[in-house]
Amino acid sequence: AQTVTQSQPEMSVQEAETVTLSCTYDTSESNYYLFWYKQPPSRQMILVIRQEAYKQQNATENRFSVNFQKAAKSFSLKISDSQLGDTAMYFCAFMKQGRYDGGSNYKLTFGKGTLLTVNP
Amino acid sequence: EAGVTQFPSHSVIEKGQTVTLRCDPISGHDNLYWYRRVMGKEIKFLLHFVKESKQDESGMPNNRFLAERTGGTYSTLKVQPAELEDSGVYFCASSFLKGKETQYFGPGTRLLVL
């Protein structure tokens, strides 16, 4: 079974600064996907960024980037130039990759989340 | 394009009562997932539909939970009878048939059992 650990229950950052959220995971799989989702207050959870484990290059999406260390099983999220709208709960999630055989290959395993507050 | 919708947004019921949650996935998404987040804990997988078929229900807590997806469109999750420990936020997500596709989440239903 996979586990995902987010060791920072809460974090805060000043507007325009950079913040890094940590995530570690444990798995025996060699092929998988990793995700960061965010859930703003009273709003829907949306995908921030995804990383395929077979890709060595770290994924980036505008101000969001990841530091994927496969050997260390680490997947941190860096938010540059933080904005007030980045205030949200951030969830790290794991999904194993496999042949679609009607099984449970595509369920997400989540960490407990990190509540990020961006202060003006 | 409409996103994943869930109804109701909130539900407060007494222990022993029945509650039915509904999820409408994004049109064309054959995969539908139910997840639950109990206060202070991880979001946990409950079950997975492909069209109208249950592909994996390994996360369902017990037989008080019944999920259906008639016709492969919307899904319902019924809790009968509800217990205190069933309180939490129930999320629905959907994705295209190729399972590696991004899962899109609904806003969740907050269930409180008193």
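Naming convention: chains lettered A, B, ... in sequence-line order (proteins, then strands); numbering from 1 in each chain.
Neither the backbone nor the side chain of A/E52 comes within contact range of chain B; no heavy atoms are under 4.5 Å apart. Looking at A/L108, both its backbone and its side chain come within 4.5 Å of chain B, counting heavy atoms on both sides.
Checking side-chain atoms of B/Q103 against main-chain N and O of A/Y106 turns up a donor-acceptor pair under 3.5 Å.
Residues B/L112 and B/L84 do not share a hydrophobic cluster, defined by chaining ILVMFWY side chains whose heavy atoms lie under 4.5 Å apart. Clustering ILVMFWY residues whenever any of their side-chain heavy atoms sit less than 4.5 angstrom apart, transitively, puts A/M45 in a cluster other than the one holding A/V48. Neither A/L34 nor B/F45 shares a network with the other; the hydrophobic side chains, linked directly or stepwise wherever heavy atoms of I, L, V, M, F, W or Y lie under 4.5 Å apart, form separate groups for each. A continuous path of hydrophobic side-chain contacts links A/F35 to A/L115 [ILVMFWY only; heavy atoms under 4.5 Å]. In the hydrophobic clustering of ILVMFWY residues, with side-chain heavy atoms under 4.5 Å counting as a link, B/V79 and B/V89 come out apart.
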One pair to check against side chain to side chain contact (heavy atoms under 4.5 Å, CB included): B/I43 and A/F91. What are the steps and the verdict?
CA-CA 9 Å; B/I43 300 170; A/F91 295 99; 3.8 Å; yes

Starting from the C-alpha separation in whole Å, work towards a yes-or-no answer on side chain to side chain contact (heavy atoms under 4.5 Å, CB included) for A/Q44 and B/F91.
CA-CA 10 Å; A/Q44 251 156 284; B/F91 293 101; over 6 Å; no

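The number of heavy atoms from other shown groups lying within 6.0 Å of CD (B/E85) is above 12. Around atom CZ of B/F7, no more than 12 heavy atoms belonging to other residues, nucleotides or ligands sit under 6.0 Å away. The local environment of CG in B/N62 is crowded, with over 12 non-hydrogen atoms from other residues, nucleotides or ligands closer than 6.0 Å.
Close placement of the B/Y35 and A/F110 rings is indicated, their centers lying within 6.0 Å of each other.
Side-chain contact between A/Y37 and B/T102 is present, with heavy atoms from C-beta onward closer than 4.5 Å. Taking 4.5 Å as the limit, every side-chain heavy atom of A/V4 sits out of range of all side-chain heavy atoms of B/E42.
In this structure, the separation between NZ on A/K107 and NE2 on B/H48 is 11.0 Å, given to the nearest 0.5 Å. From A/L47, atom CG reaches atom CZ of B/F105 across 9.5 Å, with rounding to the nearest 0.5 Å.
For the residue pair A/K112 and B/R37, the shortest heavy atom distance occurs at O-NH2, 3.2 Å.
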